[in-house]
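These notes are about the structure you will find just below.
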Amino acid sequence: GWLNVLKMVPWAAVIANAPKVADSAKKLWNGVAKKSVTTRHGESMPVTLGDLQVRLLAAESTIAELHAQMLTSSELIKTLADQNAQLVSRVEINRVRLLCLAAVTLALLIALVTMAFKA
């Protein structure tokens with residue numbers, strides 16, 4: 001199950017790329033958040049083309065909605081990238097701790113075997 005899936009993950013690549021992913025997500029968020037939706041309500045519209053004006057207003061409304069959705073999506077991506085970076089950091093800490101624990105266990109085993117042969 002999950003153990004097999006975790007074994008197949010290239011953790012070295014994940015750990016190496018985590019900061020890049022987080023930085024890219026932050027750049028995306030900052031870029032999207034700085035852009036604003038511009039509307040052209042202040043400019044003169046063709047008087048004889050009322051239908052065109054209605055369509056333009058509808059298009060501007062749709063653009064504003066899409067921009068809001070894009071902001072929400074990029075904020076989510078930034079949050080997920082930050083969480084991913086934290087997760088990768090914690091996994092790396094656990095990996096180092098596990099290696100230390102394995103080394104201590106091996107040293108204790110060697111000491112135990114050595115003491116058993118001397119006795």
Side-chain angles (χ1 to χ4, degrees):
W2 284 103
L3 188 57
N4 290 334
V5 171
L6 290 175
K7 286 180 182 178
M8 294 186 328
V9 173
W11 288 109
V14 171
I15 291 168
N17 289 321
K20 296 175 191 173
V21 171
D23 290 341
S24 297
K26 287 177 186 175
K27 288 178 185 177
L28 173 65
W29 168 248
N30 291 335
V32 170
K34 289 179 184 176
K35 294 181 181 178
S36 63
V37 178
T38 57
T39 58
R40 301 173 63 166
H41 293 293
E43 296 181 12
S44 62
M45 302 295 274
V47 177
T48 59
L49 301 174
D51 186 44
L52 182 58
Q53 184 177 6
V54 170
R55 290 179 62 195
L56 178 61
L57 291 174
E60 287 175 342
S61 174
T62 302
I63 290 170
E65 290 173 11
L66 290 172
H67 187 262
Q69 289 175 2
M70 185 175 62
L71 283 173
T72 303
S73 297
S74 62
E75 183 177 6
L76 175 64
I77 291 169
K78 178 185 176 293
T79 302
L80 290 173
D82 289 342
Q83 289 176 356
N84 184 51
Q86 290 173 1
L87 178 64
V88 167
S89 174
R90 289 178 184 160
V91 166
E92 178 63 14
I93 289 169
N94 286 337
R95 186 187 70 80
V96 170
R97 286 179 181 169
L98 183 63
L99 287 175
C100 290
L101 182 60
V104 168
T105 303
L106 182 62
L108 288 174
L109 181 64
I110 291 171
L112 183 63
V113 169
T114 304
M115 287 180 13
F117 281 119
K118 287 184 179 181

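Because the structure is a prediction, the values reported are computed rather than measured. Along the sequence shown, the residues carry numbers beginning at 1.
Partners of D82 by side chain to side chain donor-acceptor pair (under 3.5 Å), not counting sequence neighbours, listed by chain and number: K78. Residues passing the side chain to side chain contact (heavy atoms under 4.5 Å, CB included) test with A81, sequence neighbours excluded: V21, A25. Partners of L87 according to the side chain to side chain contact (heavy atoms under 4.5 Å, CB included) rule, which considers only residues two or more places apart in sequence or in another chain, are V91.
Here the CD1-CE distance, from I77 to M70, works out to 10.5 Å after rounding to the nearest 0.5 Å.
A donor-acceptor contact shorter than 3.5 Å links the side chain of T79 to the backbone of E75.
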What pairs of donor and acceptor atoms, side-chain ones from residues 95-119 against any protein atom, are under 3.5 angstrom apart with sequence neighbours left out?
unit_1: R95; atom_1: NE; unit_2: E92; atom_2: OE1; d: 3.1
unit_1: R95; atom_1: NH2; unit_2: E92; atom_2: OE2; d: 2.7
unit_1: T105; atom_1: OG1; unit_2: L101; atom_2: O; d: 2.7
unit_1: T114; atom_1: OG1; unit_2: I110; atom_2: O; d: 2.7

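A 4.5 Å side-chain heavy-atom check between V88 and N84 finds at least one atom pair inside the cut-off.
Residue pairs satisfying the salt bridge (Lys or Arg N to Asp or Glu O under 4.0 Å) criterion with at least one member in residues 104-115, sequence neighbours excluded, are absent.
Other residues sharing a hydrophobic cluster with L76 under the 4.5 Å side-chain heavy-atom criterion for ILVMFWY residues are L80.
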